[in-house]
Amino acid sequence: MNQKNLGHQARKRFGQNFLQDGNIIRRIVRSIAPKTGQRLVEIGPGLGAITEELLEEIGELDVVELDRDLIPILRTQFFRYEDKFRIHEGDALKFDFHTLIDPESDQRLRVVGNLPYNISTPLIFHLLSHSGIIQDMHFMLQKEVVERLAAQPGSRHYGRLGIMAQYRCQVDNLFLVPPEAFDPKPKVDSAIVRLTPHQTLPYPAKDEKDLATLVRTAFSQRRKTLRNNLKKMLPCEHIEALGIDPSIRPERVALSDFVKLADSYTDLKHNATTEDRQDP
Ligand code: SAM
């Protein structure tokens, strides 16, 4: 497809880099492996590069697009699908994905998107807050963001983003996509990632907000020790009592240990409030 023929000028503020490499588009759709009857939603269909292949595969799709100038182009391009192609004009960050699911059914959403780089992290967190209704998500993101999402302890990419994503999901870094696959070409490499929310959390925290706060605090200074970064939250003896070495850097701490640390912080807070209440 030649995007320029569609008369649309790519807009930087909407992060518009349109896919134009047919092999890459097919590889993305093969990775998704959509099946008829599944409920798919595409975020930011743009000029319909991935949309077209998805519709050909399963004949039904919801899309969420912010740029209102693209709506008539998409309507014309896919008019033959009638009410099986549903366009939701608006910001995916504010979109309520529950509205796409029949509350009576146990069907879950499959989410797909070549995302604008500026919204990718907040959008992933917005979607993770809906993770109960999501089967999986396939995203094209900046390569560095995918590396951070999939990073394991010990890697320089390991940090808050990866830990919080892996708390909720299995993360698979699928393949790289070079700038030449897009028009206009972005300045950075991209990659495709698959996020599959866990049906049952492998390491459930007593309080997820405490986990998020603890992980953020633990990484406030990457090169400092756990003891140093956490000194205002957890006394060193508490870290040691969990069998975790307080002198290591946060990038060496596994998700399961972060959950133990966060639970210990939750208990400490709870005990402090109970003691306050008991004070005469
Ligand atoms: N899917 C198309 C492709 O692969 O060629 C377009 C991808 S382009 C990188 C990102 C798309 O997301 C654009 O169509 C843009 O208008 C849309 N977009 C940007 N911000 C958005 C938001 N907050 N909500 C929904 N769509 C958005």
Side-chain angles (χ1 to χ4, degrees), residues 97-98 108 111 120-137 139 145-173 193-280:
F97 289 88
H98 285 96
R108 288 178 304 141
V111 186
S120 58
T121 311
L123 185 68
I124 288 172
F125 280 104
H126 176 57
L127 284 160
L128 288 179
S129 70
H130 288 72
S131 59
I133 58 156
I134 293 176
Q135 181 179 330
D136 58 16
M137 306 180 254
F139 293 130
V145 177
V146 172
E147 284 170 346
R148 283 164 53 209
L149 282 166
Q152 294 300 310
S155 142
R156 69 191 164 91
H157 302 292
Y158 187 64
R160 189 173 92 92
L161 181 66
I163 293 163
M164 295 316 290
Q166 290 168 36
Y167 176 74
R168 291 223 154 271
C169 305
Q170 160 76 31
V171 180
D172 297 299
N173 180 350
V193 67
R194 178 189 294 132
L195 303 166
T196 313
H198 298 299
Q199 294 285 316
T200 311
L201 294 180
Y203 308 108
K206 288 183 178 168
D207 182 327
E208 273 176 37
K209 281 204 182 113
D210 285 347
L211 175 66
T213 310
L214 185 126
V215 171
R216 191 179 335 106
T217 313
F219 280 93
S220 50
Q221 303 199 58
R222 276 191 88 87
R223 305 194 65 76
K224 290 213 165 166
T225 62
L226 206 54
R227 176 202 292 125
N228 238 301
N229 282 328
L230 291 182
K231 65 173 177 263
K232 292 203 174 118
M233 290 185 85
L234 267 186
C236 185
E237 315 82 79
H238 285 236
I239 305 177
E240 277 169 344
L242 298 168
I244 300 167
D245 179 356
S247 67
I248 56 174
R249 287 184 182 161
E251 68 189 32
R252 304 210 68 85
V253 180
L255 166 63
S256 54
D257 282 344
F258 273 118
V259 172
K260 284 188 201 157
L261 290 163
D263 284 353
S264 172
Y265 169 65
T266 305
D267 290 343
L268 197 68
K269 259 193 351 187
H270 181 74
N271 293 341
T273 2
T274 321
E275 275 163 27
D276 279 354
R277 259 191 248 121
Q278 284 168 352
D279 269 352

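Just so you know, these numbers come straight off a predicted model, no measurement behind them.
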Start with the C-alpha gap between V111 and I134, add the side-chain angles, then the distance that decides, and say whether side chain to side chain contact (heavy atoms under 4.5 Å, CB included) holds. CA-CA 7 Å; V111 186; I134 293 176; 4.2 Å; yes
Do N229 side-chain atoms and Q221 backbone N/O form a donor-acceptor pair below 3.5 Å? yes
So how far is it from H157 NE2 to R148 CZ, rounded to the nearest 0.5 Å? 10.0 Å
Regarding D267 and K206, does a basic nitrogen lie under 4.0 Å from an acidic carboxylate oxygen? yes
Quick check for you: to the nearest 0.5 Å, what is the distance between L195 atom CG and Q135 atom CD? 13.5 Å
About how many Å separate CD of Q170 and OG1 of T196, when rounded to the nearest 0.5 Å? 6.0 Å
Take atom CZ in R252; do more than 12 heavy atoms of anything else shown fall under 6.0 Å from it? no
In terms of heavy-atom contacts, P204 and D263 come closest through O-OD2, 4.2 Å
Are the side chains of I124 and L149 in contact, using a 4.5 Å heavy-atom criterion? yes
Check step by step if side chain to side chain contact (heavy atoms under 4.5 Å, CB included) holds for E240 and C236. CA-CA 6 Å; E240 277 169 344; C236 185; 4.3 Å; yes
Without swapping roles, check the side chain of T266 against the backbone of A262 for a donor-acceptor pair under 3.5 Å. yes
Heavy-atom neighbours of Y203 OH exceed 12 at 6.0 Å: no
Between R168 and E208, is there a side-chain N and carboxylate O pair less than 4.0 Å apart? yes
Less than 4.0 angstrom from a charged side-chain N to a carboxylate O is my criterion; do D210 and K269 meet it? yes
Tell me the ring pair (Phe, Tyr, Trp, His ring centres under 6.0 Å) pairs involving residues 206-265, sequence neighbours left out? F219-F258
Yes or no on side chain to side chain contact (heavy atoms under 4.5 Å, CB included) for I163 and Y167, after CA distance, side-chain angles and deciding distance? CA-CA 6 Å; I163 293 163; Y167 176 74; 5.6 Å; no
Test S247 against L226 for side chain to side chain contact (heavy atoms under 4.5 Å, CB included), laying out the working first. CA-CA 6 Å; S247 67; L226 206 54; over 6 Å; no
Roughly how far, to the nearest 0.5 Å, is CG of L214 from CG of D207? 11.0 Å
What I want to find out is whether K260 reaches D257 closely enough, with some N-O distance under 4.0 Å, to be called a salt bridge. yes
Is E251 salt-bridged to R156, cutoff N-O under 4.0 Å? no
For residues R249 and R222, report the shortest heavy-atom separation together with the two atoms involved. CD-O, 3.8 Å
Taking every heavy atom of P246 against every heavy atom of T225, the minimum-distance pair comes out as O-CB, 3.6 Å
Considering all heavy atoms, the nearest V253-Y158 contact: O-OH, 2.7 Å
Which pair of heavy atoms, one from I239 and one from R227, lies closest together, and at what distance? CD1-CA, 4.2 Å
Consider side chain to side chain contact (heavy atoms under 4.5 Å, CB included). Of V215, L242, T217, which one does L261 pass it with? L242
Working to the nearest 0.5 angstrom, can you tell me the gap between Q166 CD and S256 OG? 11.5 Å
Separation between CD (E237) and OG (S264), nearest 0.5 Å, reads 10.5 Å
Taking every non-hydrogen atom, the tightest pair across H198 and P202: CD2-CD, 3.4 Å
